[in-house]
Amino acid sequence: MQDTSIGAVVLIAVVAIVIVGMFVLLWVRDKGRADEVSADRGRTEPAPVRTRSRSAREGAADEPPHVSRERRQ
């Protein structure tokens, strides 16, 4: 009976070590990606706004909207 409980304790310890190891591995990998993204200065700069002149905007409500992405249904 004592062998069974020792085996269970060893199994639980091994599973706990594997879970903690995977957590640390994934956390370190994610932290590296987050640091890489935060160092990217281009991500925080606003995108340039495309505008048309006043004369080009006259009657623009009658034009169909400009679609920049493919529509999926």
Side-chain angles (χ1 to χ4, degrees):
M1 180 136 173
Q2 193 171 5
D3 290 338
T4 305
S5 59
I6 290 174
V9 169
V10 169
L11 180 64
I12 291 172
V14 167
V15 169
I17 289 171
V18 168
I19 289 172
V20 169
M22 290 301 295
F23 174 78
V24 169
L25 176 73
L26 294 174
W27 181 76
V28 167
R29 189 174 69 175
D30 187 54
K31 176 89 169 94
R33 289 180 182 169
D35 290 342
E36 183 179 306
V37 169
S38 69
D40 183 14
R41 298 291 176 217
R43 134 186 117 79
T44 58
E45 294 176 3
V49 179
R50 289 182 17 203
T51 60
R52 296 189 274 179
S53 65
R54 175 172 281 194
S55 61
R57 287 192 307 252
E58 292 296 324
D62 300 328
E63 299 175 6
H66 175 71
V67 178
S68 59
R69 286 195 246 173
E70 176 184 339
R71 291 187 179 178
R72 297 179 188 244
Q73 297 176 337

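- V14 and I6 fall within the same hydrophobic cluster, defined by Ile, Leu, Val, Met, Phe, Trp and Tyr side-chain heavy atoms under 4.5 Å apart, directly or through other members.
- Other members of the hydrophobic cluster containing V15, listed by chain and number, are L11, I19; membership follows side-chain contacts under 4.5 Å among ILVMFWY residues, whether direct or relayed.
- Here the options are V24, D30, L25, the test is side chain to side chain contact (heavy atoms under 4.5 Å, CB included), and the partner is V28; only V24 passes.
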